[in-house]
2 protein chains.
Amino acid sequence: MKTMEKNRKVLSRSGMRATSQRALILDIIREGHLDADEVYRRARERHPRLSLSTVYRTLQKLKERGLIDELHFDETHHHYEIKQPTGHHHLVCLSCGKIIEFACQLSQKMKEDVARQHKFAVTGIEVNMTGYCSDCAKDSK
Amino acid sequence: MKTMEKNRKVLSRSGMRATSQRALILDIIREGHLDADEVYRRARERHPRLSLSTVYRTLQKLKERGLIDELHFDETHHHYEIKQPTGHHHLVCLSCGKIIEFACQLSQKMKEDVARQHKFAVTGIEVNMTGYCSDCAKDSK
DNA sequence: ATGGCTGCAAAAGTTTTGCACTTCT
DNA sequence: AGAAGTGCAAAACTTTTGCAGCCAT
């Protein structure tokens with residue numbers, strides 16, 4: 001598998017040992033905005049002896065090294081996504097659970113405003129909106 | 001206590017039974033952006049037989065009725081605050097943990113942009129920034 | 001009075017940790 | 001070889017639930 005080789009290189013370049021478990025987990029995170037348990041279940045299909053601890057430890061480490069981002073939706077657990085070059089934020093459909101990414105030029109300005117007004121050195125920003133997607137077209141009034 | 005009477009009225013008006021536990025919990029949430037366990041600990045000082053289950057059930061119900069908002073910071077548990085008339089968002093200092101509220105006129109526009117571009121009916125928005133407050137003045141570069 | 005609420009205990013769900021063994025470099 | 005990573009089991013932490021009795025309306 002070509003992509004596995006690429007994943008190993010990404011890991012090495014970030015100063016992490018390139019194990020098969022990590023390459024696999026990285027591969028799976030590219031599939032979407034998954035939580036730890038979903039990563040675990042998908043990974044087990046290809047590597048049945050993988051443990052959930054390894055998933056958690058790997059997610060932690062990938063986050064520290066800046067290879068993935070952690071998302072905090074309205075739930076008791078987190079979701080993860082591959083770090084992307086352009087900043088973006090998320091919409092969560094309350095009906096079907098779909099997660100939609102949206103680009104946002106305003107959030108940059110928002111950061112600057114806050115930094116100026118509160119003398120706050122911003123290192124991260126997360127914007128999450130909830131609602132109903134066009135497919136679900138809820139008659140919520 | 002005058003404020004307890006007020007809390008009971010708030011509860012009744014929202015169609016909830018006004019119990020002493022709920023009035024107390026509402027009172028304590030006014031103290032800040034607390035998580036369930038912190039609400040529990042503070043509440044026990046005034047009502048030692050209060051159970052943690054009641055705290056969770058009450059927070060759940062207050063959220064449903066729109067009396068409080070749930071915040072999702074970079075943690076495995078949630079925080080709560082009294083619902084306020086004007087929308088605002090939060091800064092979390094990574095050094096001292098302080099939470100700063102900031103008003104934001106841009107988020108309204110952000111919602112409108114998203115609604116238009118993705119045909120998404122927005123019901124909620126949460127903006128959280130992390131960084132370092134002026135007191136901590138980190139030499140993070 | 002009666003339906004909702006509470007406390008307690010137990011369970012469920014999520015994340016972390018200790019340790020012996022394995023793998024990467 | 002040595003350090004870092006893994007699997008397993010157990011623990012820790014957060015939240016939910018069943019149930020008998022209590023309380024607000």
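If you're wondering where the values come from, they're calculated on a predicted model, not measured in any experiment. Just so we're on the same page: letters track the sequence lines, and every chain starts at 1.
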message: D:dG5, OP1 or OP2 - any side-chain N/O from A:K61 closer than 4.0 Å?
response: yes
- prompt: Looking across every strand, which nucleic acid part, if any, lies under 4.0 Å from B:L52 by heavy atom: base, sugar-phosphate, or nothing?
  reply: base
field: Under-4.0 Å side-chain N/O to phosphate OP1/OP2 contact, A:T54 with D:dG7
entry: yes
- prompt: OP1 or OP2 of D:dC8 sitting under 4.0 Å from any side-chain N/O of A:R49?
  reply: yes
field: For A:G66 against A:K83, the heavy-atom pair lying closest together
entry: O-CE, 3.2 Å
message: Between the base of C:dG4 and the side chain of B:R57, is one N or O donor paired with an acceptor at under 3.5 angstrom?
response: no
query: Can you tell me if the side-chain N/O atoms of A:Y56 get under 4.0 Å from OP1 or OP2 in C:dT15?
result: yes
task: Please confirm whether any donor atom in the side chain of A:T19 sits under 3.5 Å from an acceptor in the base of D:dA4, or the reverse.
output: no
task: Report the relative orientation of the aromatic rings in A:H79 and A:H77; use parallel for angles under 30°, tilted for 30 to 60°, perpendicular for over 60°.
output: tilted
message: Using a heavy-atom cut-off of 4.0 Å across all strands, would you classify A:R22 as base, sugar-phosphate, or nothing?
response: sugar-phosphate
query: Looking at B:E5 and B:K9, does any basic side-chain N land under 4.0 Å from a carboxylate oxygen?
result: no
- prompt: Is any N or O donor-acceptor pair between the side chain of A:S53 and the base of C:dT17 shorter than 3.5 Å?
  reply: yes
- request: Using only side-chain N and O atoms of A:Q21, determine if any of them is under 4.0 Å from OP1 or OP2 of D:dG7.
  value: yes
